[in-house]
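What follows is a set of notes on a single structure, which appears directly below.
Just so it is clear, the model here is predicted, and its values are computed rather than measured. Start at 1 and go down the list; that is how both ligands and their atoms are numbered.
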Amino acid sequence: MPEQGACTVVVGCQWGDEGKGKIVDVLAEGVDIVARYQGGANAGHTVEVGDDGFVLHQIPSGILHEGKRCLLGNGVVLDIGQFFEEYDALVERGIDLEGRVGVSTRAQLLLPYHRLLDRVVEDSAAEKIGTTGRGIGPAYEDKAGRRGVRVADLTDKERLESRVAEARDRVRRRVAAMGSGGADELDADTDRVLAMSERLLALATDTGREITRALKDGRRVLLEGAQGTALDLDHGTYPFVTSSNTTAAAAATGTGIGPTAIDAVVGVVKAYTTRVGEGPLPTALDPEMDEHMRQLGGEFGATTGRPRRCGWFDSVLTRYAAQVNGLTGIAVTKLDVLDTLGEVQVATAYRLPKGDVTEVFPADVRSLVSAEPVYESMPGWEQSTCDARRLEDLPTKARSYLDRIEELTGTPVQWVSVGTRRDQIIPVH
Ligand code: GDP
C-alpha cells in the first residue's frame, strides 16, 4: 500500500471532476476524520458503493465509511437547505450519521439571495464564466466583502436578522437595477432556511481545533478539496475559475490547521482531461473524438448534467499542478476509459502564437486559448484494465502510458483507478 501521511490532502489537478470522490472514498478507509476545505454545493462527487451510487455535494465522501467523522471547514460556503437534504437522504439510505458530521463555526452561509444574484449576473454577463448558478460566487464575494453571515452568527438572532435583511435588500436593489425579477420569494425562502439554524448549530464545531487535537492524539486525517487546480481563484485559468482557492495550501486555511500539519498531498488526475463550463481547454479533441470520449467516460456533470468537453492528457497542466500543490503523489483515475483506443496522446508542451514552445502553464488566459499542444503519441493497449488489481496485471502499453505520465508530471503514481467501484483500484507505491 502506498505510504499515507497522518494528514493528507486530496486535490484535483485538472478542471475538476477528476474522480476525487472515488479516491477520497478509497483513502478514507485508513483515516479517522475527513474534512472538506472549500467550495459549495456546486461540486458533485460521485461515489459508487456496491450497486449504490451516491452523489455528494457538501458532505465529504468519507461519510460512506462507517464511523468516520466528516467535517465541513471554514473555507466552504454552506447551503443549509441543500446540506440537510443531503444529510437526510443519507440517513434515509440507512447511513448512521449520529455524531459524525461537524460544520465549522466559521463557515460562511450561502443564502437564497446568493443563488438569485448568481443566476441574474451570469445571465446578463457579456463574458460568461459558466457558473453552476448555485450562489457560490456571490457567497464568496460577501465573505471577501466582509458582509457574509457565518455559522457562529446563528447564535445571535437579532444581529443575524439585521445582517441578513441588509444583504437581502442589497441583492434586491442590484437585481432590480439589472431589470431582472425573481426576488419576490426571497423573504420566505430565507426564513425557511434560517428556520434550520438550531439544527445546524447542533453540528457546529471548531474544525481547526478538532483536527489539530486529533492529529496530536495520533489519529489520521484526510483533507478534501472540490473542483481542481485549473479552477483555483489565483492559480487557475482566471477569470474562468471558481471563487475560492482549490489548491492544497487552502486545505490549511480552509480548515483552520497550520500548513506544517500537512504531510502528504495526493493529486488526482484523470488519464485524459475534461472541462465543464466556459474557458480554454488546450488539448480539446475534435468534435467526433470529443463525443466518443464523452460517451466512453460518461462525462456529464454530477450536479448539473452538463456535458464536459474532453481532451488528451495535458502534462503542462499536471506539472504545474504538481508545483502549485506540492504533490507527493498522484492518483490516476479512469484509465479504463482509454481501453478501446488504438492510440493515445499526451501533450508535453504548448506552442504559442509566435512559435515559441513552452513547458510552462501560462498565466494569461489568451495565451492558453491560442496555445497549440505539442503531442506525443503512444500506442493504445486495446485491452480491458477493469479487472487489474496490481500494476503487473496491466497491459505493458498501459504501464508505459502511466510511466510517461509519472515522468512528465515529475510525481510518483501512487494509485491507479480502473473503474467506478471501490475495489477497482491499483495501489502502486
Ligand atoms: P469528482 O468531483 O472529482 O469526485 O469527480 P466526479 O464525481 O464528477 O466524476 C467522477 C466520475 O467518474 C464518477 O461518476 C465516478 O464514479 C467515475 N469514476 C471515478 N473513477 C473512475 C475510474 O477509474 N473509471 C471509471 N470508468 N469511472 C470512474
Do T246 and Q227 pair up side chain to side chain, a donor and an acceptor below 3.5 Å, judged on atom types alone?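 No, no side-chain donor-acceptor contact under 3.5 Å.
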
With D290, which residues qualify under salt bridge (Lys or Arg N to Asp or Glu O under 4.0 Å), at least two apart?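 So D290 forms a salt bridge (Lys or Arg N to Asp or Glu O under 4.0 Å) with R294.
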
Pick, from [options], the option with the minimum heavy-atom distance to [atom].
atom	options	value
atom 20 (N) of ligand 1	G21, G19, G12, S417	S417
atom 8 (O) of ligand 1	K334, E224, R308, Q424	R308
atom 16 (O) of ligand 1	L56, L296, T420	T420

Those atoms of ligand 1 less than 4.0 Å from some heavy atom in V418: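 Answer, ordered by atom number: 23 (O).
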
Return yes if some donor-acceptor pair links the side-chain N/O of T273 with the main-chain N/O of W312 below 3.5 Å, else return no. yes

Any idea which part of V268 is under 4.0 Å from ligand 1, heavy-atom wise: side chain, backbone, both or neither? neither

The answer for which part of D336 has a heavy atom under 4.0 Å from ligand 1 is side chain

Would you mind writing out the side-chain donor-acceptor pairs for residues 251-262 within the sub-3.5 Å range, not counting sequence neighbours?
{"residue": "T253", "atom": "OG1", "partner": "A250", "partner atom": "O", "Å": "3.4"}
{"residue": "T255", "atom": "OG1", "partner": "A251", "partner atom": "O", "Å": "2.6"}

Salt bridge or not for D79 and R134, using N-O below 4.0 Å?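 R134 and D79: not salt-bridged.
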
Geometry only, no angles: is G419 polar-contacting ligand 1 at N/O separations under 3.5 Å?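 Checking ligand 1 against G419, an N or O pair does fall under 3.5 Å apart.
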
Nitrogen or oxygen of K22 less than 3.5 angstrom from that of ligand 1: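 In fact, backbone or side chain, K22 has no N or O that close.
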
Atom of R100, atom of H65 and distance for their closest heavy-atom approach: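 Scanning both residues completely, I find the closest heavy atoms to be NH2-O, 2.9 Å.
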
